[in-house]
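Let me begin by presenting the structure, written as structure tokens, before commenting on it.
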2 protein chains.
Amino acid sequence: MGGGRITIEDVAAAAGVSRQTVTRAMNGMPEISRRTRELVLRTAAELGYRPSRFASNLAARRKTRSIGLVLGSLRNPYYTELAAELLDVVAPRGWHVLMASHEQGDGVELVAALSGQADAIVGYLPGDEAALVAAARGAPLVQMETPATVPGMHAVVLDFDSAIEALLDELRHRGARRFGLIEFAGPPASAGTGRYRPTHRRRAYERFAGPDSAAAVVVAEESIRGGADGLVRLRAAHPEVDTVLVFNDLMAMGAMQQAQLDGIAVPDDLRVVGVDGLSLGAVMTPPLSTLSIDRHALAAEAADIVGTLLDGAEPPPHPSIVRTVTPRPLWRRSA
Amino acid sequence: MGGGRITIEDVAAAAGVSRQTVTRAMNGMPEISRRTRELVLRTAAELGYRPSRFASNLAARRKTRSIGLVLGSLRNPYYTELAAELLDVVAPRGWHVLMASHEQGDGVELVAALSGQADAIVGYLPGDEAALVAAARGAPLVQMETPATVPGMHAVVLDFDSAIEALLDELRHRGARRFGLIEFAGPPASAGTGRYRPTHRRRAYERFAGPDSAAAVVVAEESIRGGADGLVRLRAAHPEVDTVLVFNDLMAMGAMQQAQLDGIAVPDDLRVVGVDGLSLGAVMTPPLSTLSIDRHALAAEAADIVGTLLDGAEPPPHPSIVRTVTPRPLWRRSA
DNA sequence: AGCGTCGCCGTGAACGTTCACGGACCTCGG
DNA sequence: CCGAGGTCCGTGAACGTTCACGGCGACGCT
């Protein structure tokens, strides 16, 4: 007694019964009389007894898994739709999902915080891979979009090279002459450090958009406003651009709105293409064309990797597991 | 050996050291030589050892709290922005957030599933309140939007009565003559049961929109398509309606898109007002007017209730805790 | 009366980890 | 040569719950 937490023994003592009887009452087990159950429940409520989920899960040898999901932002529907897909995939197996976003800390911090609560961590994990693996304390890590290079880290990569090449080809067919790119500035945690690193999307763009297009790139923050702002800067520096590829749909929506404000006709004066494939893009005027990422496939592959890692044979496969998902163009009217 | 899980003792035996040394190696503690640490880490990796987070948290007497969040859908930005706010509020305190949505089961199922992993459960909890409390196994429940009526359940309610009254008044000022409502059909789990229950929003609407408006209500599902579909049905049955209130912004966006498709000018021929206050509504053409719900306040109040309940005095307050948040009109151009 | 059955309840022994303590060994100064 | 101090490592004892088992009345049947 005295000390800190109020345990099952305290309740048992107060109710004049044994541990096991308290357990039976709390968990709705059959071998208990209606009378004592209510007595126990009542005194438990009075004492404010709340069973320790750690002790409970440990003793019951429960197999319930929970997986941590690290996303860029919960204010970008792309990420949350991805979360929705993951939930759909894992919920039937009885797994839980813990969320975290880059807005709460850098990758290593998030992984460290999550590692105590989750059996595996998946998602967008920025930062040094070795440090991430160390912070995970043995929990499998599944990187989304970025390839994995160290043991203990696995990945579902996105094949932007082929997707963007095809996209740009088709855009040329449709009359595009000068491309521009509104690029992502990087996660907030890296903002202060001044450490911008070109994304996979940018590298693919620069490779396939033609030699003169490589310069027509502006870096903007990941938001509607960021997209709008990016378009203003891009047009100021490169008025000749007639087709702009935007890092993601959210930013593309901001760019489209800005174009409308500035009296630029989309797609006649300016073609706009986003990346992600948000269904919300379809309600814009004009509807937003986009390079659609199959979020269901992404989530399903990640969940599958986690499954094989956690429930598989005792020695986990040493080489990293890598799956690939290829984005596909979704032509609406903005391009 | 043999049995099931591979424990810390297995690693200790394989590495020829003791439990404690393995712990030290895994947790990066200082009192261990570089040599043995690497040895332990290596054999741990080879054996595929993954510490039990339950045992670990129990033994370490960790206070880490995690709270379960039940939402209607992760595909509706309203809910995910609410989640984002909650994350922002609780992450600094070191709390975690587990997500679940109505798409995965009914309220009682979700609460039961979450109760093993979370210390408290907040959000949109449909279903019988007594059953919910029982399923929570002593974990505090905080209902959002709906008032709480049984002990063990608390709430942050939304004052739609005053908000909708003020909204409708202002709309009349702006020329509205005949109101219509596109109403929410209820969570998917209740869909099969045919148990539609009027929402708080509908009741407030019927009370303040005038006697003839009470009939101009259509029930639709919670999605962009549902909103579009709802508008078609509403106009077919009530062509005289010149102002439509939509259950939420997502559905309102669908309704606006449908209006555009049908050649109805917004706001000249038809005023459209949503509920939620999504920032995405601002990128529509015309920008969507809405009854904005302060998601930050909602999340902060809920977190605060959980905090006082969990960390407060041993005997929790017997009467339910109730807080109130009042939605406010956000006038953009659609009305 | 004797015996099996049923309903209800209590007692050791896990579950797998960390904490507090102590001990072995080495180094170094007096 | 002895003791102080440091580095590294191992051993009981928690942590709070559930599981397996057993006990003890009451009841019904032969």
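In what follows, every chain begins at residue 1, and chains take the letters A, B, ... in the order their sequences are listed.
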Problem - Distance test, side-chain N/O of A:Thr7 to OP1/OP2 of D:dG16, below 4.0 Å - result: no
Handout entry: A:Tyr79 and A:Tyr124 aromatic ring geometry - parallel, tilted or perpendicular at 30°/60° bounds
Key = perpendicular
Practice task
Among the candidates C:dT18, D:dT17, C:dC9, find the nucleotide nearest to the side-chain atoms of B:Thr23.
Solution key: C:dT18
Fill in the blank from the handout: note: B:Met26, atom CE; C:dT18, atom P; distance rounded to Å ~ 9 Å
Exercise for the section: Just call it for A:Met29: base, sugar-phosphate, or nothing, with non-hydrogen atoms closer than 4.0 Å on any strand. Expected result: sugar-phosphate
Completion exercise
Of B:Val17 and B:Leu58, the one whose closest nucleotide on DNA chain D sits nearer the 5' end is B:Val17
Problem - Side-chain donor/acceptor of B:Glu109 to backbone N/O of B:Asp106, under 3.5 Å - result: yes
Problem - CZ/B:Arg93: more than 12 non-hydrogen atoms of other groups inside 6.0 Å - result: yes
Handout entry: Selection from D:dT18, C:dG16, C:dC9 that lies nearest to any side-chain heavy atom of A:Ala59
Key = D:dT18
Problem - Candidate nucleotides D:dC19, D:dC9, C:dT18, ranked by approach to the side chain of A:Gln20 - the nearest - result: D:dC19
Practice task
For the side chain of A:Ser18, starting at C-beta, report the closest nucleotide among D:dC9, D:dT17, C:dG10.
Solution key: C:dG10
Exercise for the section: Starting from C1' on C:dC15, measure out to CG on B:Asp10 and report it in whole angstrom. Expected result: 14 Å
Practice task
Please state whether the base of D:dT17 and the side chain of A:Arg19 form at least one donor-acceptor pair under 3.5 Å?
Solution key: no
Practice task
Tell me which nucleotide among C:dT18, C:dT11, C:dT17 gets nearest to the side chain of B:Asn27.
Solution key: C:dT18
Handout entry: Sugar-phosphate, base or nothing in reach of B:Ile32, heavy atoms under 4.0 Å
Key = sugar-phosphate
Problem - Presence of salt bridge, B:Arg323 and B:Asp304, under 4.0 angstrom - result: yes
Handout entry: A:Arg295/A:Glu81 ion pair, N-O < 4.0 Å
Key = yes
Practice task
To the nearest Å, give me how far apart CD (A:Glu31) and C1' (C:dT5) are.
Solution key: 15 Å
Problem - Nearest-neighbour nucleotide for the B:Thr21 side chain, D:dT17, C:dC9, D:dG10 considered - result: D:dG10
Practice task
Can you tell me the distance, in whole Å, between the CZ atom of B:Arg137 and the C1' atom of D:dT17?
Solution key: 11 Å
Exercise for the section: Check the distance between C:dG16's P and B:Ile6's CD1 and give it to me in whole angstrom. Expected result: 11 Å
Problem - Nearest-angstrom distance from the residue atom CZ of A:Arg50 to P of D:dC15 - result: 19 Å
Practice task
Could you say whether B:Arg61 or B:Ser33 is positioned toward the 5' end of DNA chain D, judged by the nucleotide with the nearest heavy atom to each?
Solution key: B:Ser33
Exercise for the section: Check the distance between D:dT18's C1' and A:Glu9's CD and give it to me in whole angstrom. Expected result: 12 Å
Handout entry: Phosphate OP1/OP2 of C:dC8: any A:Thr36 side-chain N/O under 4.0 Å
Key = no
Handout entry: 5' precedence on DNA chain C between B:Arg24 and B:Asn57 (nearest-nucleotide basis)
Key = B:Asn57
Exercise for the section: Would you indicate which nucleotide in C:dT17, D:dG16, D:dT18 comes nearest to any side-chain atom of B:Ser56? Expected result: C:dT17
Fill in the blank from the handout: When rounded to whole Å, the CZ to P distance for the pair A:Phe54 and C:dT18 reads 13 Å
Handout entry: N-O pairing of B:Arg75 and B:Glu222 below 4.0 Å
Key = no
